[in-house]
Amino acid sequence: MTENAKPVLRFAPSPTGMLHIGGARTALFNWLYARHSGGKFLLRIEDTDRERSTPQAVAAILNGMRWMGLDWDGDEIYQFARAARHREVAEQLLAKGRAYRCYATPEELTEMREAQKRESKPLRYDGRWRNRDPKEAPPGAPFAVRLKAEDSGETIVHDLVLGDVRFANDTLDDMVLLRSDGTPTYMLAVVVDDHDMGVTHVIRGADHLNNAARQLQIITAMGWPIPAYGHLPLINGPDGAKLSKRHGALAVEAYRDMGYLSETMRNYLLRLGWSHGDEEIISTAQAIEWFNFESMGKSAARMDFKKLDNLNGHYIRSTSDDVLVAEITAFLERQTPPRILSDKARRRLLTAMPALKERAKTVVELIQSAEFLFTDGIRDLDEAAAKLLTPEARATLTATLPVLEATDWSGAALEAAARAHAEATGLKLGQVAQPLRAALTGKGISPPLFEMLALLGREESLVRLRAYAG
RNA sequence: GUUCCCAUCGUCUAGCGGUUAGGACGCGGCCCUCUCAAGGCUGAAACCGGGGUUCAAUUCCCCGUGGGAGCACCA
């Protein structure tokens, strides 16, 4: 790394699935540091596994990144396209005597590992071709190229979040650089690409910590500058076990579809493992300003959907009404079949939004609670509303109707009339209001009743109320 | 098995030798109140165990225990 140069960060997912929450967090931290330091944030698609990589997965990752608001600098780089360069480096290592040909067959290696397992020995390549003359191999036999790793001393990873992590070199074996079909392995490709891309900070999941020592050996064998490493603690499921599809290892789009805002996701993922004193609500701009690796936690964290909900509620409340309407409109149009809101529905939604957003934790809840605004006509009752509309309640509703009908149709006037009516009949306001709410919205819960009556208007309101009178 | 990492309320975390161990989510209570939220006040709730080092350990070191990750011609 050249001194004084701007940092170069990268996110390097393999396109074998969606961009899940763990990957998104890794990307976020890389992005935050790049933006914080005025450096670059690059995106590299590690598609060297031809069997498992798909164009759909590439698209999904790119879309996920965009939704998360994580923009990358320049075009994304495809690792597979660089195979020739990886091979070239392997050749150089071979020429330098830092790598060698290994003619061991897969069967032979499996057998070796099984023997090691039986003897409870560490599973490592035993270096059987390390010092053997290639002439001993059958002519024309396929071979892999292995790194001739240091066999004494130690390799130290100076980690930005974990501190110095030491590995005795005799616990590291001679890894494969080039497969017998001539294709490069991930270990080689990563190192070469990071070097060629000028990456100064390798920030990735802690599951790569062990790899770092091995990759360091390739780097030193080539005499290349050593990047700074930072291994981020992993995210576990709510039960503390590895994050699985069942509890949170979902594509980031799945979070969008559950009604979470991307700002929420950035804030939540940031706080999962990183902190700034007692701060909980951290805007993206603030995060960029504050971000550093010193405040990174070292232990794995668990997903907590309750906290995610709470944060999302906060961001929904602080998002402007028109943005939320746009968010909802887009959400509905993404459904299959797409749902298109009428202009009337959209106007009502916008008017009701200040009251609606106060009560929702997700965009989905926002939509559910606004459902009674989307169409005209008599409501079907949900369970709570049905339970509410007892014969007595219907009688109260019937008795209240003439009072409302005689009232000026504004929120304040309707409320005043209802209060007066309640007092006159010896009822609590709630006893008068609840039946009205149930009939008007079809639900037991809604935004403030009198505002909603005013919003729907005299005619529409009376149609709905009369349907359940009697 | 082996290598490596980690360890403060249930959860996310603050703490960087001396604190009534703080905040947030969640949970309980009270207030507000047309429902539900939001908001305000408030309560319960934690330093994994054992040894050191030190006048003093949640904090530093070692061991144990418990979790996690890696150990492929996958990435």
Side-chain angles (χ1 to χ4, degrees), chain A residues 12-16 46-49 51-53 79 102 104-106 109-110 113 116-125 142-146 157 159 162 165-168 171-173 175-181 183 185-187 189-190 205-214 231 233-234 236 238 240-242 268 271-281 295 297-311 313-314 317 355-361 369 384 388 415 418-419 422 428-434 436-438 441 443-450:
Chain A
S14 55
T16 53
E46 309 216 317
D47 55 350
T48 57
D49 184 345
E51 298 289 307
R52 298 195 299 155
S53 299
Q79 190 163 64
C102 169
T105 63
L109 292 175
T110 309
R113 271 188 290 270
Q116 289 167 340
K117 210 164 189 172
R118 273 197 302 278
E119 294 166 49
S120 293
K121 286 191 171 160
L123 280 60
R124 282 184 227 131
Y125 174 68
F143 60 87
V145 174
R146 286 184 185 268
V157 178
D159 197 279
L162 263 17
V165 183
R166 327 174 86 91
F167 296 85
T171 64
L172 271 17
D173 62 1
M175 77 204 101
V176 171
L177 265 18
L178 238 40
R179 302 186 186 96
S180 48
D181 64 0
T183 60
T185 60
Y186 161 80
M187 264 332 158
V190 172
D207 49 341
H208 286 287
L209 181 58
N210 287 274
N211 290 339
R214 298 159 159 273
H231 290 91
L234 303 174
N236 291 147
K242 187 177 175 164
Y268 181 75
R271 278 290 288 109
L272 210 55
W274 184 88
S275 61
H276 186 85
D278 285 342
E279 300 294 333
E280 295 288 344
I281 306 291
S295 305
K298 296 180 176 183
S299 50
R302 303 181 189 200
M303 269 304 280
D304 180 356
F305 281 92
K306 286 281 179 48
K307 191 153 186 169
L308 219 209
D309 280 347
N310 177 273
L311 242 198
H314 168 84
R317 268 172 267 132
L356 290 168
K357 69 182 183 186
E358 193 74 21
R359 315 175 145 66
K361 295 193 296 291
S369 64
L388 224 44
E415 177 167 355
R419 281 184 190 280
K428 287 185 182 167
L429 183 56
Q431 291 173 286
V432 172
Q434 282 300 80
L436 293 171
R437 183 192 317 284
T441 68
K443 293 166 185 269
I445 299 168
S446 83
L449 175 68
F450 302 104

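Just so it is clear, the model here is predicted, and its values are computed rather than measured. In what follows, every chain begins at residue 1, and chains take the letters A, B, ... in the order their sequences are listed.
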Heavy-atom nearest nucleotide on RNA chain B for A:Ala300 versus A:Leu162: which residue maps closer to 5'? A:Leu162

Qualifying residue for side chain to side chain donor-acceptor pair (under 3.5 Å) with A:His231, from A:Asp207, A:Asn211, A:Asp159: A:Asp159

Winner on side-chain proximity to A:Pro448, out of B:G23, B:A75, B:U35, is B:U35

Answer with base, sugar-phosphate or nothing: what part of the nucleic acid does A:Pro13 contact at a heavy-atom distance below 4.0 Å? nothing

Against the side chain of A:Ile445, the closest entry in B:A75, B:C73, B:U35 is B:U35

Verify, without hydrogens or angle tests, whether A:Thr16 (side chain) and A:Arg52 (backbone) share a donor-acceptor contact under 3.5 angstrom. no

At 4.0 Å (heavy atoms only), tell me whether A:His276 reaches a base, stays on the sugar-phosphate, or touches nothing. nothing

Nearest listed nucleotide, side chain of A:Arg317, among B:U3, B:A75, B:A38: B:A38

Would you classify A:Glu280 as touching base, sugar-phosphate or nothing, given that sugar-phosphate means primed atoms plus P, OP1 and OP2, and contacts are heavy atoms under 4.0 Å? base

Check every strand shown and say whether A:Gly273 touches a base, only sugar-phosphate, or nothing at a heavy-atom separation below 4.0 Å. sugar-phosphate

Please check the phosphate of B:C73 (OP1 and OP2 only) for any side-chain N or O of A:Arg146 closer than 4.0 Å. yes

A:Leu209 near the nucleic acid: base, sugar-phosphate alone, or nothing, with a heavy-atom cut-off under 4.0 Å? sugar-phosphate

Testing B:C6, B:C4, B:C73 for proximity to the side chain of A:Ser299, the answer is B:C6

Return whichever of A:Arg124 or A:Arg359 has its heavy-atom-nearest nucleotide of RNA chain B closer to the 5' end. A:Arg124

Heavy atoms under 4.0 Å, any strand shown: does A:Ala189 hit a base, just sugar-phosphate, or nothing? nothing

Main-chain N/O of A:Arg302 paired with A:Asn236 side-chain donor or acceptor, under 3.5 Å: no

Tell me what A:Ser446 touches on the nucleic acid: a base, only sugar-phosphate, or nothing, going by heavy atoms under 4.0 Å. base

Can you measure from OH (A:Tyr268) to CE (A:Met303) and round to the nearest 0.5 angstrom? 5.0 Å

Taking only the side-chain heavy atoms of A:Arg271 (C-beta and beyond), determine which of B:G26, B:A75, B:C12 contains the nearest atom. B:C12

With a non-hydrogen cut-off below 4.0 angstrom, is A:Tyr268 in contact with a base, only sugar-phosphate, or nothing? nothing

Mind checking A:Arg437 for me? I need base, sugar-phosphate or nothing, with any heavy atom below 4.0 Å counting as a touch. base

Does a side-chain N or O from A:Arg113 land closer than 4.0 Å to OP1 or OP2 of B:U2, or not? no

Once you apply the 3.5 Å cut-off to both distances, tell me the Watson-Crick or G-U wobble partner of B:U2, or none. B:G70

A:Lys306 side-chain proximity, nearest of B:A75, B:C25, B:G39: B:C25

Checking all strands, does A:Leu109 fall into the base, sugar-phosphate, or nothing category for heavy-atom contacts under 4.0 angstrom? base

Which nucleotide wins on minimum distance to the side chain of A:Lys307, given the candidates B:C34, B:A24, B:A69? B:A24

Nearest listed nucleotide, side chain of A:Thr48, among B:A75, B:C34, B:C36: B:A75

Considering Watson-Crick and G-U wobble pairs with both distances under 3.5 Å, what does B:C47 pair with? none

Identify whether any heavy atom of A:Leu272 sits under 4.0 Å from a base atom; if not, whether one sits that close to sugar-phosphate; answer base, sugar-phosphate or nothing. sugar-phosphate

Does A:Glu119, at its CD atom, have more than 12 non-hydrogen atoms belonging to other residues, nucleotides or ligands within less than 6.0 Å? yes

Measuring from A:Glu280:CD to A:His314:NE2, what's the distance to the nearest 0.5 Å? 11.0 Å

Determine whether any donor atom in the side chain of A:Asp207 lies under 3.5 Å from an acceptor atom in the base of B:G70, or the reverse, and answer yes or no. no

Distance-only, no hydrogens or angles: does the A:Asp173 side chain make a donor-acceptor pair with backbone N or O of A:Arg124 under 3.5 Å? no

Contact class for A:Asp47 vs. all strands (heavy atom < 4.0 Å): base, sugar-phosphate, or nothing? nothing

Which part of the nucleic acid, if any, lies within contact of A:Arg52, taking any heavy atom under 4.0 Å across all strands shown: a base, the sugar-phosphate backbone alone, or nothing? base

